[in-house]
Amino acid sequence: MSARSIVLLVVLTVAALGSWYLARINRGDDVDALPYDAEHQGYYLKAARILGTDEDGSLLYEIHADEAVQEAQDRIEFTNVRIRYSPDSAVPWTVHADTATLREGDPRIALRGHVRAVGQAGGDQDTEIRTQYLELHPERYVAETEERVQVRIGARSLTATGMLASLNENKVELKSNVRGKIAP
């Protein structure tokens, strides 16, 4: 072997040992890394059913959702949501939405995306409220939005900007830009 070949062999051996040593040191960091956020250890539910109670502990309403995810310590996100009052509460409203947010310490539920509230007033025509955003305060039986809203009762239809509804009293107050179509 020539001196040139021996020097090349020594350089390659040192390079191989050095890269093996560096790879071994860096691999220890990867093993220690956690695949999740250690600060946030929330939960994830499929076909979730959340029960809301009144001051006496009696069932007031139910939230049904395809999924419920605890996004932060104080926030739960729901998808494909249906909120229904208990039959004992005598509030004949059911609310549907694409998503909803419930925050700890805040009694309101923020509903977004194709929000639809349907009330059965005992007659032959249901009342239907449609909007893209609605805040529901289930303990006070109040639904409110500042967004565009459409209210339908049978063939009659009203649109407005903003609404305040008292679900237990079956009252809807439209705030501004009210337009309607009333057929006989």
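Residue numbers start at 1 and run along the sequence shown. The basis for the numbers below is simple: all heavy atoms, side chains too, and nothing from hydrogens, waters or symmetry mates.
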Given side chains that start at C-beta, do those of [X] and [Y] come closer than 4.5 Å, heavy atoms only?
{"X": "Leu111", "Y": "Phe78", "answer": "no"}
{"X": "Glu62", "Y": "Arg49", "answer": "yes"}
{"X": "Leu136", "Y": "Tyr61", "answer": "no"}
{"X": "Asp88", "Y": "Leu59", "answer": "no"}
{"X": "Ile109", "Y": "Ile63", "answer": "yes"}

Same cluster or not: are [X] and [Y] linked, directly or through other Ile, Leu, Val, Met, Phe, Trp or Tyr residues, by side-chain heavy atoms under 4.5 angstrom apart?
{"X": "Ile50", "Y": "Tyr43", "value": "yes"}
{"X": "Leu174", "Y": "Tyr133", "value": "no"}
{"X": "Leu167", "Y": "Val118", "value": "no"}

Do you know the tightest heavy-atom contact between [X] and [Y]?
{"X": "Gln132", "Y": "His114", "result": "OE1-N, 3.4 Å"}
{"X": "Leu45", "Y": "Ala48", "result": "CB-CB, 4.0 Å"}
{"X": "Pro138", "Y": "Leu60", "result": "O-CD2, 3.8 Å"}

### Task
Taking atom types as modelled, find out whether Glu77 and Thr99 have a side-chain donor-acceptor pair closer than 3.5 angstrom.
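No, Thr99 and Glu77 have no side-chain donor paired with an acceptor closer than 3.5 Å.
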Inter-residue atom distance [X].[atom1] - [Y].[atom2], 0.5 Å rounding:
{"X": "Leu158", "Y": "Ile153", "atom1": "CG", "atom2": "CD1", "answer": "7.0 Å"}
{"X": "Leu102", "Y": "Asp74", "atom1": "CG", "atom2": "CG", "answer": "10.0 Å"}
{"X": "Arg116", "Y": "Leu134", "atom1": "CZ", "atom2": "CG", "answer": "13.0 Å"}
{"X": "Gln120", "Y": "Thr94", "atom1": "CD", "atom2": "OG1", "answer": "5.5 Å"}
{"X": "His96", "Y": "Arg84", "atom1": "NE2", "atom2": "CZ", "answer": "10.0 Å"}
{"X": "Gln150", "Y": "Arg130", "atom1": "CD", "atom2": "CZ", "answer": "7.0 Å"}

#### Entry: Identified side-chain contact (heavy atoms from CB on, under 4.5 Å) counterpart of Arg112 within the set Val81, Thr101, Asp98, Thr131
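The passing option is Thr101.
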### Message
Among Glu173, Lys175, His137, Met163, which residue satisfies the side-chain contact (heavy atoms from CB on, under 4.5 Å) criterion with Glu144?
### Response
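Testing Glu144 for a side-chain contact (heavy atoms from CB on, under 4.5 Å) against Glu173, Lys175, His137, Met163 leaves exactly one candidate, Lys175.
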#### Entry: Option from Asn168, Asp126, Asn170, Thr127 for which side-chain hydrogen bond (donor to acceptor under 3.5 Å, both in side chains) with Trp93 holds
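Between Trp93 and the candidates, side-chain hydrogen bond (donor to acceptor under 3.5 Å, both in side chains) is satisfied uniquely by Asn170.
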### Members sharing Tyr44's hydrophobic cluster (side chains within less than 4.5 Å)
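Besides Tyr44, the cluster holds Val69.
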### Message
Clusters formed by hydrophobic residues whose side-chain heavy atoms approach within less than 4.5 Å: which one holds Leu164, and what are its other members?
### Response
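Reading the cluster by chain and number, Leu164 sits alongside Val142.
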### Query
Any chance CZ of Arg179 has more than 12 other-residue heavy atoms, nucleotides or ligands included, within less than 6.0 Å?
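No, the 6.0 Å shell around CZ holds no more than 12 heavy atoms from other groups.
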### Message
Is it the case that the side chain of Asp106 and the backbone of Arg108 share a donor-acceptor pair, with hydrogens and angles ignored and the cut-off at 3.5 Å?
### Response
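Yes, the answer is positive, given that a donor and an acceptor are paired below the 3.5 Å cut-off.
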